[in-house]
Amino acid sequence: MASLQSWTRCFTRWILLCCCCCLPLLLTSPLPPKGLGGPAHHACRLRKINFQLPYMRNRTYTLAKMARASDHDTDNRLIGQQLYVNIKENNRCYMMKRVMEIIVKDVLLSEAQDQYPYTREVAQFLASMTSELSRCKFSGHKEHVEKNLEEMTSKMKKLGVNGKNKAMGELNLLFDYIEDACTDISKKGG
């Protein structure tokens, strides 16, 4: 019976020790700020490494340069600040994801893929970034996004074959806009 009392006293002291020492540590440990942890915060972010691959940057810029050489339309622009009209900054990555999807599907994987070298490689690279952004969702109302995308695609269709060529000639702009919109600003300096 004495050993049971001894054991009970020891167990009680152990519980008190845990409650007095460990519980305050658990309660005072910092928690991540609400909304910053978990996948939702990173859903609209690309890893900076995507843009530090000189091989893919070179391929993308070379393809754009070759396509621009045969683009004689200097009045129209498909990829530019006009895509951001009425789009909040926190939704710009979503916007660029949608532009990337259109360019890959309607331009790079169309009949134009056989016109220039590197087209398939660039299409696969952009498609992989689109896939990485698959959980990126728009916050708010999408009317402005749809309107801006419709203006871009209708302008591209109106220009016909030259519209696809112009889109390919602006791949360097697309690359830069994606990098600006979809990577953390704090990582740009470092």
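None of the values given here were measured: they were computed from a predicted structure.
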Review point. Step by step, would you call Thr119 with Leu109 a side-chain contact (heavy atoms from CB on, under 4.5 Å)?
Key: CA-CA 8 Å; Thr119 306; Leu109 296 179; over 6 Å; no
Review point. Between CE of Met66 and CG of Asn165, what distance do you get to the nearest 0.5 Å?
Key: 11.0 Å
Study note, to complete from the structure: Closest non-hydrogen atoms of Leu173 and Ile79, given as atom of the first, atom of the second and distance, are CD1-O, 3.5 Å
Practice item. Decide yes or no for Leu108 and Leu171: does some side-chain heavy atom of the first lie under 4.5 Å from some side-chain heavy atom of the second? Key: yes
Check your understanding: Hey, does Phe125 have a side-chain heavy atom less than 4.5 Å from the side chain of Leu53?
Key -> yes
Point to revise | Candidate pair Asn76 and Lys166, rule side-chain contact (heavy atoms from CB on, under 4.5 Å), full reasoning | key: CA-CA 9 Å; Asn76 292 293; Lys166 178 167 280 304; 4.1 Å; yes
Exercise for review: Decide yes or no for Gln82 and Met152: does some side-chain heavy atom of the first lie under 4.5 Å from some side-chain heavy atom of the second?
Suggested key: no
Point to revise | Chi angles and distances behind the disulfide (SG to SG under 2.5 Å) call for Cys136, Cys93 | key: CA-CA 8 Å; Cys136 179; Cys93 184; 4.5 Å; no
Study note, to complete from the structure: Value for CG (Asn86) from CG (Asn148), rounded to nearest 0.5 Å, stands at 7.0 Å
**Study point:** Cationic N near anionic O, under 4.0 Å, Asp176 to Arg57
**Key:** yes
Check your understanding: About how many Å separate CG of Asp180 and CD of Glu89, when rounded to the nearest 0.5 Å?
Key -> 10.0 Å
Point to revise | Lys/Arg-Asp/Glu bridge criterion (N-O < 4.0 Å) met for Asp114, Arg120 | key: yes
Check your understanding: Ion pair present between Glu101 and Arg98, side-chain N to carboxylate O less than 4.0 angstrom?
Key -> yes
Practice item. Go through Tyr55 and Thr60 one step at a time and tell me if the side chain to side chain donor-acceptor pair (under 3.5 Å) criterion holds. Key: CA-CA 9 Å; Tyr55 176 79; Thr60 304; over 6 Å; no
Review point. Which pair of non-hydrogen atoms, one from Leu83 and one from Met95, has the smallest distance, and what is that distance?
Key: O-CE, 3.2 Å
Point to revise | Asp106 side chain to Thr153 side chain, donor-acceptor N/O pair below 3.5 angstrom | key: no
Review point. Atom CG in Leu126, atom OG in Ser131: separation rounded to 0.5 Å?
Key: 12.5 Å
Check your understanding: Do Met156 and Leu159 share a hydrophobic cluster (ILVMFWY, side-chain heavy atoms under 4.5 Å, transitive)?
Key -> no
Point to revise | For Ser134 against Lys97, the heavy-atom pair lying closest together | key: O-NZ, 4.0 Å
**Study point:** Those residues that, when tested against Phe138, pass ring pair (Phe, Tyr, Trp, His ring centres under 6.0 Å) (two or more places apart)
**Key:** Tyr94
Check your understanding: Can any side-chain N or O of Asn162 pair as donor or acceptor with the backbone N or O of Asp71 at less than 3.5 Å?
Key -> no
Check your understanding: Are any non-hydrogen side-chain atoms of Thr62 and Tyr116 less than 4.5 angstrom apart?
Key -> no
Review point. If you take all heavy atoms of Glu170 and Leu78, which pair is closest and at what distance?
Key: OE1-N, 3.0 Å
Check your understanding: Does the distance from a Lys or Arg side-chain N to an Asp or Glu carboxylate O, for Glu132 and Arg47, drop under 4.0 Å?
Key -> yes
Practice item. Nearest 0.5 Å please: distance from the CG atom of Leu63 over to the CG atom of Asn58. Key: 11.0 Å
Study note, to complete from the structure: Looking only at heavy atoms, the pair that brings Met100 and Leu133 closest together is CE-CD1, 4.0 Å
Check your understanding: So does Glu151 pair up with Lys147, basic N to acidic O under 4.0 Å?
Key -> yes
Point to revise | Side-chain heavy atoms of Ile103 within contact of Met168, under 4.5 Å | key: no
Revision key, fill the gap. In terms of heavy-atom contacts, Val85 and His144 come closest through O-CB, 4.3 Å
Review point. Lys48 versus Gln52: any side-chain heavy-atom pair under 4.5 Å?
Key: yes
Check your understanding: Have Tyr177 and Asn172 got a donor and an acceptor in their side chains that come within less than 3.5 Å?
Key -> no
Check your understanding: Just how far is it from atom CD of Gln124 to atom OH of Tyr118, taken to the nearest 0.5 Å?
Key -> 15.0 Å
